[in-house]
Amino acid sequence: MTKPLILGITGASGLIYAIRAIKYLLAADYQIELVASRSTYMVFQAEDQIRLPSEPEEQADFWREQAGIPTAGKLRCHRWGDVGANIASGSYRTQGMIIIPCSMSTVGKLAAGLSGDLLERAADVQLKEGRKLVIVPRETPFSLIHLRNLTSLAEAGAAIVPACPAWYHKPQSIDDLVDFVVARALDRLDIDCIPINRWKSVDTE
């Protein structure tokens with residue numbers, strides 16, 4: 001088993017990105033440390049009329065049910081305000097963190113070095129420890145403030161992977177479009193566990 005991967009979920013629209021990431025990571029037997037921001041609960045209720053449990057054990061069952069992966073892999077959920085959790089410390093070794101989807105509010109706080117909850121603290125730890133941090137912003141259009149904050153994070157070492165699907169892989173469904181974005185984000189963590197049609201050069205001979 002490799003070192004655990006931190007998966008952060010914020011209150012940006014598009015929680016399907018997180019669900020598909022959880023699905024493939026668990027199916028590939030990864031160990032996930034998951035933390036959802038406070039606003040995630042409200043967005044889930046607004047977009048899908050689904051209540052996200054607050055208790056960690058119940059929440060783990062909830063994410064597994066949403067992803068359709070009842071037993072594979074390891075999934076541990078954390079309360080958004082538990083800044084004393086293992087992932088809040090640089091001495092807890094991980095292979096990095098992905099925030100998917102990532103709100104512009106979270107981007108702004110991380111760019112300013114602010115960490116008011118566990119998700120923000122965990123991300124800040126990745127940067128200070130020189131570990132991989134992948135940001136998947138789900139916003140359009142970007143304002144100048146958004147772009148400057150994203151630039152600051154990129155300069156600090158984060159990888160920015162906007163939720164912009166491609167079309168050369170001939171998507172046939174929404175899941176195909178989502179999976180492409182998730183796969184490209186996980187590429188930044190050297191994780192290849194999603195079966196997508198990658199680009200192949202056209203044979204002109």
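Quick note: numbers below take in every heavy atom, side chains included, and nothing from hydrogens, waters or symmetry partners. Residue indices begin at 1 and follow the sequence shown.
A salt bridge links R121 to D124: at least one charged side-chain nitrogen sits closer than 4.0 Å to a carboxylate oxygen. For the pair D175 and K23, the salt-bridge criterion is not met [side-chain N within less than 4.0 Å of a carboxylate O].
Across every non-hydrogen atom of V43 and L15, the tightest pair is CG1-CD1, 4.2 Å.
Inspection of the S91 and S89 side chains reveals an N or O donor paired with an N or O acceptor under 3.5 Å.
There is a path of hydrophobic side-chain contacts, each under 4.5 Å, that joins I135 to L147. Hydrophobic clustering places I32 together with I100 (ILVMFWY residues linked when any side-chain heavy atoms are closer than 4.5 Å, directly or through intermediates).
Distance check: L5 CG to L189 CG gives 6.0 Å after rounding to the nearest 0.5 Å.
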Point to revise | Trace of the side-chain contact (heavy atoms from CB on, under 4.5 Å) decision for I99 with L133 | key: CA-CA 8 Å; I99 306 178; L133 175 63; 4.2 Å; yes
Review point. Does the side-chain contact (heavy atoms from CB on, under 4.5 Å) test come out yes or no for T94 and Q126, once each step is laid out?
Key: CA-CA 9 Å; T94 70; Q126 306 310 300; 3.1 Å; yes
Exercise for review: Evaluate side-chain contact (heavy atoms from CB on, under 4.5 Å) for D190 paired with K132, printing each intermediate quantity in order.
Suggested key: CA-CA 10 Å; D190 296 322; K132 294 179 179 180; 2.6 Å; yes
Check your understanding: After noting the C-alpha distance and the side-chain angles of Y92 and E129, does the key distance pass the side-chain contact (heavy atoms from CB on, under 4.5 Å) rule?
Key -> CA-CA 10 Å; Y92 183 70; E129 296 292 331; over 6 Å; no
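With T40 contributing its side chain and I9 its backbone, the two residues share a donor-acceptor pair below 3.5 Å.
Between H169 and F180, the ring planes lie parallel to each other; the angle is under 30°, not in the 30° to 60° tilted range.
Here the side chains of P101 and V136 are not in contact, with every heavy-atom distance at 4.5 Å or above. Put simply, the side chain of L110 reaches to within 4.5 Å of the side chain of E120, judged on heavy atoms. Two residues are said to be in side-chain contact when any heavy atoms from C-beta on lie closer than 4.5 Å; W80 and S54 fail this criterion.
The 12-atom threshold is not exceeded at CD1 of I174, counting heavy atoms of other residues, nucleotides or ligands nearer than 6.0 Å.
Considering E58, E57, E55 in turn, E55 is the only one that fulfils the salt bridge (charged side-chain N to carboxylate O under 4.0 Å, His left out) rule with R79.
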